[in-house]
Amino acid sequence: PAFGIDALTFLFSFGTLLLADPARRATAPSASMLRDIREGFGYVFSVRWLWTTTLYFMLVNVAFAGQSGVMTPLLVRDTLSGDSRVYGVISAAYGVGTIVASIGIAQLATRRPGRVLFAFEVLAAVCIIAIGLVPVLPVVVLSMAVTGAALASSTVIWEALLQRHVPERMLGRVSSI
């Protein structure tokens, strides 16, 4: 049944895309892909908050990928003595956190989005530490839900900052870095 539900979500997504009618954008002519890449990096490194946050996310993503991809299955098997169902519950908690936060944070208006973004990042880090310090199922599930919420919130804020502050002609180049 899980694959059937997953297939239905893809069909739903496909259906909503068919109903969408976005305005057509004219693509800007490009003389050289290398020049476009150079312009993108040039712009990122010319804006302090942009390059520092990009570098920060690069390092965090490398660290978090190991935690989520390697640590969680080992935690379930070796510490919690769990099986695939326990792993599924933990993963679902993370997913629920991301969904709830993504909807909620989009409604939030703040005067200092950068500070809020990094506060969510710190909250996620505290949750990961909590999992290591108190590796019992209820704490792990709650921590993963809050981690999902915190990381989704920081991502929504980051994307909104890019949309608001990066010139439209540079947005694709900056986002790809």
Side-chain angles (χ1 to χ4, degrees), residues 1-25 27 53-54 56-110 113 116-164 166 171-172 174-177:
F3 286 116
I5 293 170
D6 190 36
L8 289 176
T9 65
F10 279 93
L11 287 174
F12 175 77
S13 297
F14 181 71
T16 58
L17 286 173
L18 290 176
L19 296 174
D21 188 25
R24 298 278 181 216
R25 288 185 174 183
T27 57
T53 308
T54 300
Y56 164 80
F57 276 130
M58 180 186 71
L59 296 173
V60 167
N61 284 337
V62 167
F64 187 72
Q67 177 273 328
S68 62
V70 176
M71 188 273 306
T72 306
L74 293 176
L75 173 75
V76 169
R77 185 190 71 196
D78 299 343
T79 304
L80 300 176
S81 300
D83 56 9
S84 60
R85 290 176 298 211
V86 173
Y87 183 78
V89 166
I90 291 170
S91 297
Y94 181 88
V96 168
T98 62
I99 291 168
V100 170
S102 295
I103 294 168
I105 199 70
Q107 311 307 314
L108 179 70
T110 180
V116 176
L117 181 150
F118 283 106
F120 280 121
E121 291 289 313
V122 169
L123 177 60
V126 168
C127 289
I128 299 302
I129 291 168
I131 291 170
L133 294 176
V134 189
V136 295
L137 188 58
V139 173
V140 172
V141 170
L142 178 63
S143 294
M144 287 300 280
V146 175
T147 298
L151 293 179
S153 296
S154 67
T155 300
V156 169
I157 293 168
W158 172 248
E159 293 297 330
L161 284 170
L162 291 179
Q163 295 290 324
R164 286 188 195 120
V166 173
L171 195 54
V174 169
S175 296
S176 68
I177 296 175

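Since this is a predicted model, take the numbers as computed values, not measurements. Along the sequence shown, residues carry numbers from 1.
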Over all atoms of both residues, closest heavy-atom pair of [X] and [Y]:
X	Y	result
Ser175	Leu162	OG-CD1, 4.1 Å
Leu161	Pro113	CD2-CG, 3.6 Å
Ala101	Ala149	CB-O, 3.3 Å
Val76	Ile90	CG2-CD1, 3.6 Å
Leu80	Val140	CD1-CG2, 4.4 Å
Leu151	Tyr94	CD1-OH, 3.7 Å

Within the side chain of Asp6, is there an N or O that forms a donor-acceptor pair under 3.5 Å with the backbone of Ala2?
-> no
How far does [atom1] of [X] sit from [atom2] of [Y], to the nearest 0.5 angstrom?
X	Y	atom1	atom2	result
Phe120	Thr147	CZ	OG1	12.5 Å
Ile103	Ile105	CD1	CD1	12.5 Å
Thr79	Leu75	OG1	CG	5.0 Å
Ile157	Leu108	CD1	CG	6.5 Å
Glu159	Ser154	CD	OG	10.0 Å
Leu59	Thr54	CG	OG1	11.0 Å

Side chains of [X] and [Y], heavy atoms from C-beta outward: is any pair under 4.5 Å?
X	Y	result
Thr53	Phe118	yes
Met144	Val141	no
Arg77	Tyr87	no
Leu11	Leu8	yes

